[in-house]
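A short write-up of the structure that comes next.
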Amino acid sequence: MKIITDQRCAGYSCEGHPERPARITDALEFLRGQNELPVVWAAPTGVDDATILRAHSARHLARLNEPEDFDADTPFHENIITFARASVAAALDALQAARAGENVFSLMRPPGHHATRDRAMGFCYLNNIAIAVLEAQATGAKRVAVFDFDVHHGNGTEAILLDRPGCAFFSIHQFPCFPGTGAANVGTNCFNYPVAPGVPRESYHATLVRALGDLKNFRPDLVAVSAGFDAYARDPLADGTLLAEDFHWLGGELRALNTPLFSLLEGGYSRDLPELIFAYLKGVDGQ
Ligand SMILES: [Zn+2]
């Protein structure tokens, strides 16, 4: 398993904010300390503006330098653009690794799936996964799928990829919940699987099975995963009911597609996040 990470992504914070540096530092400590899953560590390289500007407006990219909060959830941080670009770079490196046949995970922050073309929101500044999908399409991918199992709807990814030929978006999320979208399918290629708050674990699982079936029927040649671990039963931000073994199972199901696959960390705010990531990665690794 290749894990792309850079401890420097822990270098910004806001007192009391759930999207905190310990999400990464605790996961790093856990993954470095285990010996069940062999890990090849890599640091993110870089990204040029043109690659980012496939998904975002020039105005948005410039706005990330302006020292003013984006909304109550999404503060301005000194050098946030540098942190956001490193997270994008890790996503692009993960894409390359997937194409080279590697199992790969990007363990970075900030997350990205709420960022739209013109707006930072929901702890997200640049849409890592959408930028990687557009790069994949620009470099030969014919059928790219995004599978987003974060408990929140990936509204930014949906908005950026909406009705684009050759790609599809599958999102399983709690509804109603932040950001308020994702109640139904949108356009020709965005498929939403809303789950009511607090549904029994079996129903959440059944919805994931349905989404995985539709993902498979799309016959992707590349799968990009927005891996959020906040549908976990003890996550403080939502009312999901999944357990670590469900994330392990999800990893195994995605592996079984037998298609180049890369996963990026999105949400996940419980103290058990390291164990949840580990369970998922073992599944992706075939353990
Ligand atoms: Zn989330």
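Counting starts at 1 for both ligands and their atoms, in listed order.
Put simply, CG on L261 and CZ on F105 are 11.0 Å apart, with the number rounded to the nearest 0.5 Å. Of the inter-residue distances, the one linking L250 atom CG with L242 atom CG reads 7.5 Å to the nearest 0.5 angstrom.
Taking 2.8 Å as the threshold, H113 does not count as a candidate ligand of the Zn ion (ligand 1), since none of its N, O or S atoms lies below it. Within the 2.8 Å limit, E266 places no N, O or S atom next to the Zn ion (ligand 1).
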Please tabulate, for the side chains in residues 87-95, all donor-acceptor contacts under 3.5 angstrom to protein atoms that are two or more places apart in sequence or on a different chain.
unit_1: S87; atom_1: OG; unit_2: P110; atom_2: O; d: 2.8
unit_1: S87; atom_1: OG; unit_2: N128; atom_2: ND2; d: 3.3
unit_1: D93; atom_1: OD1; unit_2: T45; atom_2: OG1; d: 2.8
unit_1: D93; atom_1: OD2; unit_2: T45; atom_2: N; d: 2.7
unit_1: D93; atom_1: OD2; unit_2: T45; atom_2: OG1; d: 3.1

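Taking the Zn ion (ligand 1) as the corner point, the angle from D230 atom OD2 to D150 atom OD2 is about 90° (rounded to 10 degrees).
Ring centers of H248 and F278: at least 6.0 Å apart, outside the cut-off.
The Zn ion (ligand 1) lies closest to atom ND1 when only the N/O/S atoms of H152 are considered.
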